[in-house]
Every structure is written in structure tokens, then in C-alpha cells.
Amino acid sequence: MRRRLCFAAAAALSLVGSLARAECPPAAGDCQALLETGPTGGRVDFVVVGDGYTAAERDKFYADAAAVAADLQSASTYASYAPVFNVWALYVPSAETGADDPSTGTTVDTAFDATYGYQGIDYLIGVDTGGVFVEVNERFPERDLAICIVNAPKYGGSGGPVAVTSTHPDSLRILEHEMGHSFAGLADEYETPYPGFPPGDPEPNVALLENLDPLKWNAWVPPGTPIPTPLAAATSDYDPVGAYEGARYLSTGVFRPSPKCRMRELGFDFCPVCSEAVVLGFSELRYLVDDVTPAEGAAIPAKGPSLVTAVVPALEELGFAWSVDGVPVDGAVTAELTLDPTALGLGDGAHAITVTVHDTTPLVRTDDDGLMTATFTRTLVVDSTLPPVGGEGGAGGAGGAASGAGGAPPDGDEPEKEDDGCGCRIGGEPVGREGFVFALAALFVLRRRRR
Ligand SMILES: [Zn+2]
């Protein structure tokens with residue numbers, strides 16, 4: 001089942017290059033910040049816990065968790081979105097090491113009671129997900145995805161509400177696969193029987209025979225591709241995207257998009273359809289626009305250019321468009337808008353400056369929920385009594401306005417909290433308000449969204 005977890009607010013990685021808080025919140029207890037690209041809640045927050053790590057194995061847990069964080073920054077689809085990931089590790093002591101394993105008669109006392117042989121399948125590891133959530137929600141409630149590393153070397157994992165892996169040499173590949181379930185709602189594409197598993201094709205990467213026309217991933221299918229698609233038609237491990245028979249624990253009657261895929265075999269990347277689902281999964285959990293500077297309600301001079309800047313995650317494929325009072329600004333296609341009120345015919349008073357940011361990644365072709373586009377509106381006040389930018393007097397003026405380039409904060413050292421009129425939105429949905437104070441040159445209160 002696809003999970004909807006928790007969510008987003010924001011930071012300014014592309015502007016600052018360093019972050020205000022690169023340490024765990026006090027409530028997290030014995031915790032390490034393994035990767036932080038923005039404030040908690042403003043990014044996809046992975047929280048890693050371990051089971052079967054004794055007090056003497058605490059350092060081993062953090063080393064294993066660090067390997068997970070490193071992998072998220074290097075594994076194909078995940079690496080593309082590493083600029084929006086935070087990874088936190090919470091140490092949870094177990095009385096004994098390892099995991100239960102009915103196949104060997106092993107029973108140990110661990111924090112989350114991990115066991116192989118879950119539902120009768122030897123490699124399937126079950127954990128006490130309720131216990132994991134109690135622990136994680138208490139210590140790190142902003143988590144988006146909980147990952148549990150089971151301190152046992154036997155191959156195994158599972159992809160339910162908690163993504164579970166072991167310490168087997170393939171554990172990172174297993175975890176990438178399991179997160180495909182936990183994060184993107186993907187189905188397994190392998191054919192190994194899973195007795196009793198409910199039939200159907202609700203996941204984005206499988207289709208029953210009766211659902212091949214139209215095919216749910218049709219945007220990826222080249223014209224002329226036969227449907228169903230015989231393996232003989234394949235030109236590579238992933239091409240052409242079509243409908244190859246065999247998936248979701250059955251060899252017949254269920255179809256998958258590509259010959260190979262991480263959801264079918266560990267030695268391969270995600271197929272294009274699964275990769276798209278993973279990216280959309282990330283996109284539900286973070287913002288495309290963290291903030292806009294200057295601050296809400298700041299005054300700017302009527303004459304001369306003032307710089308308005310969209311603060312965004314350091315993603316590579318972002319496109320920008322700006323408008324002022326609903327009128328598009330020609331040629332404004334970067335994260336910065338040079339705003340000259342006089343040139344635009346803007347009189348004194350409040351004006352709405354809106355930036356639309358679109359993640360143009362080629363990994364996504366179908367975005368029914370508008371997750372790849374976000375808008376943010378900032379109200380600025382044109383004030384002809386302020387000295388012109390570059391003119392006499394420099395910055396300053398009534399109201400302690402930001403003046404000129406750079407989005408300097410209002411006078412004073414206190415954080416500038418935005419008012420209730422913020423127009424921050426993502427995917428067409430209003431963004432909820434929750435406080436996160438983040439220090440750049442100024443401090444901004446950021447927001448995160450929950451569903
Ligand atoms: Zn796939």
C-alpha cells in the first residue's frame with residue numbers, strides 16, 4: 001500500500017551552502033545527523049533505527065546507518081534527489097545481538113523483535129513496526145520514512161510501513177528495493193510465488209491482462225511497441241518500456257514495464273516507470289520553493305533594480321517563471337528576479353511577486369497531482385520615498401525595508417516571521433504553517449506540509 005507520510009518545509013541550500021543546524025534535536029536522544037540538506041520537515045527525512053545492536057555494538061549501528069546515508073547519495077534514482085534528503089540515525093539498544101530465525105531455531109531478545117521467516121518466507125524479515133513507530137515518533141516525529149537495519153548477516157528485508165534490511169553484503173541494494181515499496185508504493189516485479197497475496201494491480205508498476213489498454217504507464221511506451229511485449233522485442237535491460245509478462249509473484253496474467261528492474265532483481269536499476277514513482281514519492285514530501293527574499297512586506301525603492309530571489313533546493317532540473325501582480329515578467333527564467341518598479345510601471349504600495357518553480361526532471365512524464373510544480377507569492381511594498389538603489393543614502397528607509405540585491409533582512413537581529421498571508425504552495429495545495437527558524441543571512445520561518 002502506498003504510504004503518505006509527513007512533510008515539508010524548507011531551507012536554502014543553494015544560497016548558503018552551509019546549514020544552521022547540523023545536529024539532532026534534543027528530543028532525539030542518542031542520535032546522529034548523517035546527512036542534512038535542509039531543516040527537518042523541509043526535506044525528505046529518513047530516520048534509521050537498528051534492531052539487534054547491543055550497547056557494545058552502538059558504534060557498529062552508526063557505521064551501518066552511515067552506509068545507508070552514503071548509499072542514498074550514490075544510488076541512481078535516489079542520488080538524483082539527494083539534495084532534498086536528510087538522514088538521521090537513532091540508536092536503540094537491544095539486550096541481545098542478531099535476529100530471530102525459525103530456520104535455525106534462533107531466538108534473541110531485541111528491541112523490535114526482528115524475525116526471519118515472516119509469513120513463512122525465509123528471507124522476509126518482520127519487525128515490530130508499532131514499536132518502531134512509537135520509538136521514532138517520540139524521538140523524531142518529523143520523520144518521513146523509518147528504516148530499520150536488522151543486525152544479522154543473513155539475506156533479507158521487507159518493505160511495509162518500515163523499510164527493513166539486514167547487514168547482508170547486499171543490504172543496501174535490498175533497502176533500495178524495499179524503499180520502492182515503502183516510499184513509492186511499488187509492487188514486486190519478480191515471479192516467485194507469494195501464497196495468499198491478494199491479487200490485483202493497484203501499484204503503478206504492474207498491470208493485469210485486462211488492464212493493458214490503456215496501459216497506466218503509456219507515457220513511457222514508444223509508438224509501435226507491441227503490447228504485450230515479448231522479451232525478444234527488448235533492446236536493452238529497460239527498453240523499450242512495454243508490458244512484459246510476469247510480475248507480482250505470478251508468471252502469467254500480470255505485466256511489468258521493462259525486462260529488468262530493481263523491483264525484480266537486485267542487480268539492476270529501477271525501470272523508468274518505477275523510477276518515476278520513486279521521484280513522485282519524494283516530491284510529495286518536500287518543497288520546491290523554500291522561501292523568497294526579501295521578507296514578506298519588505299519595502300523596496302521605486303527606482304533602480306531590487307533583487308528578488310527564490311530560495312530552492314539544489315536540484316539540477318528546476319525551471320523558473322516570475323510574475324508581478326499576475327503579469328508575467330518576460331525573460332525572468334532563473335531563481336533571481338531583477339525588479340525595477342519604475343520600469344514595470346509599478347506605483348507605490350503592495351505588489352504580489354510570484355515565482356513558479358517546475359522540476360523538469362526527465363525522470364517524470366506523468367504528474368497528475370502537480371507535484372513537480374510549486375508557486376510562492378511574496379508581497380513587496382514599493383516606496384518612492386526610499387533612496388533609489390545605487391543612489392544616495394544606500395539601503396534603508398521606512399519600515400526597515402530590504403533594499404537592493406540580496407534580500408537583506410529588516411533592521412534588527414531578530415528572526416523575521418512571515419505573516420499569515422504567505423502564499424507558499426506546492427502542487428496546487430496550500431501549505432500548512434509550522435515553525436522552523438532557519439538562519440541564512442536572515443532567519444526565516446519556514447513551513448511544512450502534512451497530509
Ligand atoms: Zn520497475
Side-chain angles (χ1 to χ4, degrees), residues 7-22 36-45 83-84 86 142 283 285-300 306-315 318-324 332 334-339 350-359 373-381 400-410 412-450:
F7 318 105
L13 184 65
S14 60
L15 285 186
V16 289
S18 63
L19 297 158
R21 180 171 61 76
E36 189 175 23
T37 65
T40 296
R43 293 295 181 269
V44 181
D45 285 287
V84 298
N86 292 337
E142 298 86 356
S283 301
L285 303 176
R286 47 80 180 168
Y287 284 167
L288 271 176
V289 187
D290 295 340
D291 201 356
V292 169
T293 62
E296 181 73 7
I300 59 173
S306 292
L307 195 65
V308 183
T309 302
V311 182
V312 296
L315 295 170
L318 298 183
F320 298 85
W322 292 84
S323 66
V324 177
T334 72
E336 294 182 338
L337 169 68
T338 301
L339 182 63
H351 295 276
I353 317 299
T354 300
V355 62
T356 299
V357 182
H358 181 50
D359 184 345
T373 300
T375 63
F376 193 117
T377 296
R378 169 67 80 223
T379 299
L380 299 178
V381 180
S403 177
D413 296 324
E414 293 302 311
E416 170 76 358
K417 291 193 176 184
E418 295 169 345
D419 63 26
D420 289 334
C422 170
C424 183
R425 302 170 74 89
I426 183 167
E429 296 182 7
V431 170
R433 293 179 53 83
E434 288 204 29
F436 265 104
V437 180
F438 181 73
L440 312 181
L443 295 173
F444 302 102
V445 173
L446 304 169
R447 301 116 201 283
R448 76 168 182 267
R449 167 175 70 124
R450 290 183 183 276

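Residue numbers start at 1 and run along the sequence shown.
- Put simply, CG on L337 and CG on L380 are 9.5 Å apart, with the number rounded to the nearest 0.5 Å.
- Side-chain contact check for L288 versus F376: every heavy-atom pair is 4.5 Å or farther apart.
- Looking at every heavy atom in both residues, T354 comes nearest to T377 through OG1-OG1, 2.8 Å.
- When atom types are taken as modelled, the side chain of R378 and the backbone of P294 share a donor-acceptor pair closer than 3.5 angstrom.
- Judged by distance alone, with hydrogens and angles left aside, the side-chain atoms of N86 form a donor-acceptor pair with the main-chain N or O of T37 at under 3.5 Å.
- Using a 4.5 Å cut-off on side-chain heavy atoms (C-beta onward), V308 and V355 make no contact.
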- [ ] Take V289 and V311 through the test side-chain contact (heavy atoms from CB on, under 4.5 Å) and record every step on the way to the result.
- [x] CA-CA 6 Å; V289 187; V311 182; over 6 Å; no
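- At a threshold of 4.5 Å between non-hydrogen side-chain atoms, the residues I353 and V292 do not count as touching.
- Between R43 and V84, the shortest heavy-atom contact is CB-O, 3.1 Å.
- Closest of all the heavy-atom pairs between P83 and A314 is CG-O, 3.4 Å.
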Task: Test log, rule side-chain contact (heavy atoms from CB on, under 4.5 Å), inputs L339 and W322 - done: CA-CA 10 Å; L339 182 63; W322 292 84; over 6 Å; no
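- D45 CG to E36 CD: the interatomic distance, rounded to the nearest 0.5 Å, is 8.5 Å.
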